[in-house]
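One structure below.
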4 protein chains.
Amino acid sequence: MIDPAAIVARFVEVRARTERLAAPLSAEDQQLQAMASASPTKWHRGHTTWFFETFLLAPHGVPAEHPTWAVLFNSYYESLGPRHTRAERGLLSRPTAAEIGVWRRLVDERVLTLLDRLDGDAWSTVAPIVELGLAHEEQHQELILTDIVAAFARHPARPVYDASFPIPDRHGGAVRWIEHAGGKGTIGAPEGGATFAFDNESPRHDVWLEPFEIADRLVTVGEWTAFAADGGYETPSLWLSDGLELVRAQRLRAPAYTERDGEVVSVFGLSGDRVAHPDEPVIHLSFYEADALATWLGGRLPTEAEWEIAADHLGQRDAVAWQWTRSSYAPYPRYRPSAGAIGEYNGKFMVNQLVLRGGSDCTPPGHTRPTYRNFWYPDTRFQRTGLRLARDPSRGRSS
Amino acid sequence: MIDPAAIVARFVEVRARTERLAAPLSAEDQQLQAMASASPTKWHRGHTTWFFETFLLAPHGVPAEHPTWAVLFNSYYESLGPRHTRAERGLLSRPTAAEIGVWRRLVDERVLTLLDRLDGDAWSTVAPIVELGLAHEEQHQELILTDIVAAFARHPARPVYDASFPIPDRHGGAVRWIEHAGGKGTIGAPEGGATFAFDNESPRHDVWLEPFEIADRLVTVGEWTAFAADGGYETPSLWLSDGLELVRAQRLRAPAYTERDGEVVSVFGLSGDRVAHPDEPVIHLSFYEADALATWLGGRLPTEAEWEIAADHLGQRDAVAWQWTRSSYAPYPRYRPSAGAIGEYNGKFMVNQLVLRGGSDCTPPGHTRPTYRNFWYPDTRFQRTGLRLARDPSRGRSS
Amino acid sequence: MIDPAAIVARFVEVRARTERLAAPLSAEDQQLQAMASASPTKWHRGHTTWFFETFLLAPHGVPAEHPTWAVLFNSYYESLGPRHTRAERGLLSRPTAAEIGVWRRLVDERVLTLLDRLDGDAWSTVAPIVELGLAHEEQHQELILTDIVAAFARHPARPVYDASFPIPDRHGGAVRWIEHAGGKGTIGAPEGGATFAFDNESPRHDVWLEPFEIADRLVTVGEWTAFAADGGYETPSLWLSDGLELVRAQRLRAPAYTERDGEVVSVFGLSGDRVAHPDEPVIHLSFYEADALATWLGGRLPTEAEWEIAADHLGQRDAVAWQWTRSSYAPYPRYRPSAGAIGEYNGKFMVNQLVLRGGSDCTPPGHTRPTYRNFWYPDTRFQRTGLRLARDPSRGRSS
Amino acid sequence: MIDPAAIVARFVEVRARTERLAAPLSAEDQQLQAMASASPTKWHRGHTTWFFETFLLAPHGVPAEHPTWAVLFNSYYESLGPRHTRAERGLLSRPTAAEIGVWRRLVDERVLTLLDRLDGDAWSTVAPIVELGLAHEEQHQELILTDIVAAFARHPARPVYDASFPIPDRHGGAVRWIEHAGGKGTIGAPEGGATFAFDNESPRHDVWLEPFEIADRLVTVGEWTAFAADGGYETPSLWLSDGLELVRAQRLRAPAYTERDGEVVSVFGLSGDRVAHPDEPVIHLSFYEADALATWLGGRLPTEAEWEIAADHLGQRDAVAWQWTRSSYAPYPRYRPSAGAIGEYNGKFMVNQLVLRGGSDCTPPGHTRPTYRNFWYPDTRFQRTGLRLARDPSRGRSS
């Protein structure tokens with residue numbers, strides 16, 4: 001079942017990909033922290049390295065190379081001791097980006113040496129840690145991209161990360177509604193399944209659904225433009241109360257990094273400023289904006305169970321944006337966090353956040369899956385967050 | 001089906017009860033607003049009166065007695081025009097408490113005159129509005145009590161609202177676990193049922209439950225004392241991340257209005273300061289505290305579906321405290337708000353809050369029911385909020 | 001030198017005047033606290049009473065009538081023990097306004113009884129305390145008026161305190177410049193002089209002045225209107241840096257309680273909303289606005305020494321507004337606060353505030369004098385604050 | 001009078017010194033901004049270069065090398081157009097430190113070429129601009145040092161800027177009081193004098209002083225230790241009211257970067273953490289702390305006039321710390337800012353700040369002089385701020 005060679009190859013590949021993502025960024029760029037909920041590139045590179053040193057090397061007797069760095073790169077594991085204040089990661093000029101590069105190579109060598117010497121039995125305990133570490137690193141790869149956009153957006157010169165970063169596919173036209181008859185269904189990842197999944201995706205369990213319909217594509221920039229032009233941001237009846245308060249307090253009139261001038265919508269992103277096509281998915285919406293937009297369009301956000309049950313029919317072409325659901329991020333029935341520090345990974349965040357499903361064009365290839373649960377606070381806009389409509393079947397609707 | 005005489009009698013009774021609750025309070029007391037989420041007694045008396053004038057009298061051609069007061073007493077109905085800032089209700093010295101009393105009596109007379117002249121057909125549309133208005137007023141009766149405690153708690157002299165306000169019953173001793181086999185169940189209130197229910201309790205719908213067990217009593221002051229004495233507030237592994245941050249930022253070590261000195265716990269409430277008995281339910285907990293306390297006790301919070309399915313077996317004696325569930329406040333499947341301004345009543349609050357079930361010793365008699373959904377933000381502590389444990393059956397447990 | 005009968009008469013008169021000022025206000029009005037730097041009417045009535053009980057009656061063996069009230073009505077005397085949080089005075093529903101009235105009458109009787117029994121020697125120590133207490137109470141009389149305007153301005157109905165409150169005299173027309181040759185001058189009140197003065201007005205001391213000119217009237221509403229219409233609020237070169245930041249952050253475009261529509265300027269005050277005449281003094285300006293307006297008019301604010309030296313020539317007709325000076329509130333040379341708690345009265349505020357000279361139409365008659373130093377933070381706008389221009393003589397100016 | 005060769009030599013020397021100060025810092029270090037009132041090293045290097053490009057090269061027809069950088073490096077000149085938000089200078093990853101180095105060399109060459117070609121008449125207008133630019137750059141040299149300490153102090157590893165940075169001389173022992181008889185004196189720098197001075201040091205003007213005494217040395221760490229050990233931070237009567245509020249809100253118990261453990265005082269600075277000797281001057285005090293400490297020691301802060309009048313007698317050996325005076329930063333009589341953008345340099349900050357006199361061990365050699373007026377807000381602690389005592393002569397004191 002465990003394929004050591006495949007794990008080693010994946011380790012090499014994922015670790016190298018992180019460095020490729022950081023390569024276009026100067027030492028100064030890599031230190032930018034635009035806000036408390038984003039982190040510097042350099043920090044992501046260090047934190048993911050600390051993860052392997054702490055959870056893989058240390059238990060096998062390999063001490064930390066820089067013991068004083070633990071306090072800097074421990075992100076949230078309370079049980080592992082004190083942590084540096086999250087909001088001040090941008091003040092960590094030391095270690096430098098170059099020093100972190102050296103450290104990464106050293107840890108990679110030590111991990112590969114360790115894996116090389118493992119006997120078969122040991123793999124059964126080591127493989128899940130490596131898998132978790134790599135899935136964790138892939139999450140930070142996505143954050144490297146979203147966080148640098150947040151930082152560059154604050155710079156008057158609007159720097160370009162990669163002028164050739166792909167522009168989203170277009171998916172306009174009439175929505176096709178995928179119908180589901182409701183009833184008992186099963187969602188979630190089996191514990192100890194063949195494919196890696198985070199603990200928050202388990203246990204696999206039954207749910208009961210009402211009949212529902214779900215759209216075959218994401219909501220587009222053009223649909224958002226019509227909403228905005230129709231006074232959507234000024235129409236209280238479309239909004240959840242907390243969303244309305246936020247919109248008013250911050251005078252919001254467009255998604256993050258987005259400006260609208262009549263029909264022309266410009267967006268700032270990895271390739272710099274550009275004009276968005278009406279048929280590409282709208283992103284950088286808060287949950288509140290997504291909910292109001294769905295209401296204006298005559299639909300609603302799906303629940304995460306509806307999304308997952310219908311996932312086989314949704315196709316893969318829309319992987320440009322994470323899709324807000326109306327489901328709060330909560331434990332599945334009988335969920336138990338893993339023992340020890342690793343158990344802090346997901347469970348302690350299960351309040352005040354909403355689940356997003358799907359994946360985005362910043363998500364590493366192969367990282368996500370139908371059971372995957374992403375989660376953010378409802379006011380989050382710096383992630384690549386959009387929506388897909390759902391609706392309740394009308395009784396008299398001919399189908 | 002509709003019993004006009006019973007409705008009239010209930011109208012008279014509920015309206016009079018509000019005035020009885022306000023009677024012990026001076027004009028100055030009635031103007032106190034301890035914080036943005038609480039309101040002055042006087043305002044509650046005015047707002048509930050505005051409700052009948054706006055939703056019952058006005059549609060029947062009876063104009064508002066004081067048109068300029070609408071802006072003061074409209075609490076959150078965006079579709080009814082501008083509203084006075086919620087956080088500044090304590091600055092409304094005018095109208096005075098006495099003037100509001102005069103207004104209440106006038107509106108009562110006008111409502112009774114209107115009801116007296118209704119013919120049979122008209123009752124079918126009027127009765128639901130009166131029922132809603134009275135249920136709404138009962139909610140504000142509870143708030144009159146919780147809000148005055150919040151205000152008096154800020155006064156150095158610790159004023160007493162009612163020295164004879166009943167002290168909670170005691171329910172200590174070993175927990176008896178009520179077992180449920182799981183499977184398909186049905187929750188919620190039927191739309192258009194014989195008994196009044198708020199729109200957020202509908203539609204009645206099916207859910208799928210895993211097997212669970214739920215305690216026959218609330219968690220007690222003595223159990224909380226043991227948790228606190230064991231360092232519960234300083235143990236990160238017990239806490240949700242947002243809760244831990246709050247506890248640290250505000251240096252919380254006890255529920256609101258509560259102080260602990262070793263085994264002695266004193267609480268401020270409607271009867272002033274008193275020592276709590278270890279066997280009475282612990283209240284004034286935030287959701288975070290309730291969640292951490294449940295974890296420390298080896299259990300968890302129930303979902304609202306578990307609570308409701310088990311409600312018949314829980315008994316009524318514990319109605320001293322609202323009970324936090326782990327369910328986020330969200331729409332039931334196929335939920336649709338009522339049309340018009342009244343539709344703003346519940347739906348627009350369906351994010352960022354948690355559901356509480358049960359009722360408290362400040363809840364008017366007969367106001368709550370098994371399908372009733374109360375909801376508050378997770379950091380709320382000024383309400384009478386406690387918890388009941390649930391747990392997952394262990395596989396090997398003999399039952 | 002000491003005239004006991006005159007002191008007794010003044011005591012009766014000042015104490016009665018406070019009650020007359022409060023008389024038009026309901027119990028609810030008297031509890032209003034619009035902001036942390038304002039206080040409820042009721043509190044002013046209580047605090048001034050506490051002053052006599054603490055500094056006059058107690059040292060003569062008359063105990064406090066309500067010892068638990070000390071914590072409520074001690075405003076800032078650190079050496080007298082704990083104090084209630086200033087920002088929460090509006091939450092003090094108890095004692096009621098009526099109870100404070102009873103207390104005032106009781107304390108008045110006790111003071112009069114005490115004064116009646118004093119022998120001649122005792123008067124020499126008692127008279128200064130009574131004088132200080134009455135001057136202190138007069139300051140709070142002015143605050144009763146300014147603070148109720150701050151509270152009523154927040155009420156949508158714009159309540160009227162006194163419809164017949166006098167409207168300011170008009171003083172437009174060309175400025176007449178009063179010239180002063182500079183050189184050595186003397187300012188301040190002599191210590192132990194025949195006339196009462198606060199400790200911050202002493203010691204009387206020499207200053208050296210450059211030649212200066214000072215205007216014979218205050219700056220008017222019409223001049224401010226021209227400044228505003230000329231884009232004064234948007235012209236950075238007119239502003240001190242901190243002032244510009246404030247204006248931008250708060251989007252200020254007019255003095256407090258003031259709105260401008262072209263040439264028409266409306267102001268809210270004790271007599272409600274009214275249109276201001278272009279020739280009346282402009283008030284409710286922050287120091288920053290006064291400074292910018294002076295610069296735009298080609299002048300500058302006077303120093304407090306210039307103002308005082310020229311005071312004899314300024315006339316009394318402009319007593320509608322306190323006049324900002326460019327002098328920071330600081331101790332005069334050789335200043336020493338009084339010993340004991342009374343010494344906290346003025347000295348500890350000698351940083352971060354600017355001196356104002358003159359007096360306003362809310363100042364009790366006879367309360368102020370040429371050496372009087374009022375002081376407020378530079379962003380203060382709820383007081384009746386205006387300005388008088390000064391300027392340096394131009395070399396070539398024919399005079 | 002003007003010595004072109006000397007000016008050129010000084011230009012080369014000052015510009016080179018800035019680069020030497022930055023040399024020990026990595027690209028990442030140079031981007032650190034610890035707080036809004038501090039700036040990154042890199043930014044100081046760029047801003048001082050922008051100054052010469054804007055005020056010297058541009059008026060002589062040499063266009064800006066990077067026109068888009070003006071918005072980044074214009075610090076506060078409102079009249080020169082939009083500016084980047086001060087608090088976000090740490091987010092300016094571009095231009096890089098290396099790019100700024102290139103720019104500096106280019107601008108230096110252009111300035112030297114320009115100066116080389118100037119004829120004699122032109123020097124009379126150019127020399128003052130170069131002088132101002134170099135004095136301005138020296139101010140930023142000091143800030144480079146103070147700001148990097150502020151940043152490094154936030155790093156858990158406490159980085160060392162320069163292990164050999166000199167430790168302050170020791171000056172304990174009994175204070176010798178320098179006496180002054182008072183009377184008329186003259187302070188300030190003459191306009192157009194032979195020595196460079198900032199505009200805020202002029203006009204030279206007369207003042208009138210009371211007799212005073214001033215200490216021959218700064219207050220020491222040992223004296224501060226005794227103050228702290230005596231409960232100085234908890235004794236309200238020692239404090240100005242605003243200072244007490246700050247101390248309580250921030251729970252201050254020591255100067256910035258300072259910790260006390262009994263008699264042992266450790267300080268963080270350019271050479272890292274070290275134990276301070278009781279006889280070295282105490283620094284990193286706010287104005288409030290300096291004022292309270294002076295009061296506890298039985299003295300007071302001097303006025304800036306007292307300090308300047310006595311300067312000839314104070315010696316130079318105490319130049320380790322800027323010395324708080326009790327004088328608010330205000331315009332001297334007849335002060336007029338320079339015309340144009342350069343006029344924004346000093347005048348617009350003349351409110352809310354206090355004057356400091358002297359100089360510190362971070363001040364460039366030769367930069368300061370007896371008329372020099374430094375100024376900071378009273379809560380500032382990250383600068384090298386200490387105090388020297390003054391006192392009023394006692395009448396009966398034998399001298």
Side-chain angles (χ1 to χ4, degrees), chain A residues 76-80 86 182-186 203 205-212 235-245 287-288 291 295 300-301 303 305-306 326-337 340-341 343-344 347-354 377-379 391-393, chain B residues 76-80 86 182-186 203 205-212 235-245 287-288 291 295 300-301 303 305-306 326-337 340-341 343-344 347-354 377-379 391-393:
Chain A
Y76 48 74
Y77 297 86
E78 298 281 350
S79 52
L80 293 178
R86 172 164 196 167
K184 192 172 156 190
T186 308
H205 65 284
D206 295 331
V207 293
W208 189 269
L209 296 177
E210 302 290 312
F212 67 94
T235 307
S237 60
L238 297 171
W239 293 83
L240 287 161
S241 183
D242 288 353
L244 187 62
E245 191 174 332
F287 169 80
Y288 303 118
D291 185 80
T295 300
R300 59 169 174 82
L301 298 178
T303 65
E306 289 170 341
R326 66 158 61 177
S327 299
S328 293
Y329 180 48
Y332 281 165
R334 291 177 284 111
Y335 168 75
R336 293 230 178 264
E344 292 188 48
K348 71 180 181 182
F349 299 110
M350 289 177 171
V351 67
N352 296 329
Q353 308 203 46
L354 280 296
Y377 290 93
D379 60 353
R391 67 181 187 188
D392 302 325
Chain B
Y76 48 74
Y77 297 88
E78 298 280 350
S79 51
L80 293 178
R86 172 163 195 166
K184 191 171 154 191
T186 308
H205 64 285
D206 294 332
V207 293
W208 189 268
L209 296 176
E210 302 289 314
F212 68 94
T235 307
S237 60
L238 297 172
W239 293 83
L240 287 161
S241 183
D242 288 353
L244 187 62
E245 191 174 331
F287 169 80
Y288 302 118
D291 185 80
T295 300
R300 59 167 173 83
L301 298 178
T303 65
E306 289 171 341
R326 66 157 63 176
S327 299
S328 293
Y329 180 48
Y332 281 165
R334 292 177 285 111
Y335 167 76
R336 292 229 178 266
E344 292 188 48
K348 71 181 182 183
F349 300 110
M350 289 177 171
V351 67
N352 296 329
Q353 308 202 46
L354 280 298
Y377 290 92
D379 60 353
R391 66 181 188 187
D392 302 325

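So you know, we letter chains A, B, ... as the sequences are listed, proteins then strands, and number each from 1.
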Trace of the side chain to side chain contact (heavy atoms under 4.5 Å, CB included) decision for Asp242(B) with Tyr377(A): CA-CA 11 Å; Asp242(B) 288 353; Tyr377(A) 290 93; 2.5 Å; yes
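- Contact annotation for Arg336(B): only side-chain heavy atoms (C-beta onward) come within less than 4.5 Å of a heavy atom of chain A.
- The line from CG of Asp379(A) to CG of Asn352(B) is 8.5 Å long, rounded to the nearest 0.5 Å.
- Side-chain atoms of Phe287(A) and Val351(B), non-hydrogen and from C-beta on, do get closer than 4.5 Å to each other.
- Pro203(B) is not listed as a side-chain neighbour of Glu210(A), based on a closest heavy-atom distance of 4.5 Å or more.
- Only the side chain of Tyr288(A) comes within contact range of chain B, judged by heavy atoms closer than 4.5 Å.
- Neither the backbone nor the side chain of Pro211(A) comes within less than 4.5 Å of any heavy atom of chain B.
- Heavy-atom pairs under 4.5 Å with chain B were tallied for Leu354(A), Leu244(A), Asp206(A); the largest tally goes to Asp206(A).
- One distance of note links OG of Ser328(A) with CD of Gln353(B); it measures 11.0 Å at 0.5 Å rounding.
- Rounding to the nearest 0.5 angstrom, the gap separating the NZ atom in Lys348(A) from the OG atom in Ser237(B) is 10.0 Å.
- Rounded to the nearest 0.5 Å, atoms NZ (Lys184(A)) and CH2 (Trp208(B)) are 3.5 Å apart.
- Heavy-atom distances place no part of Pro337(B) under 4.5 Å from chain A, backbone and side chain included.
- Using a 4.5 Å cut-off between heavy atoms, Leu209(B) makes no contact with chain A at all.
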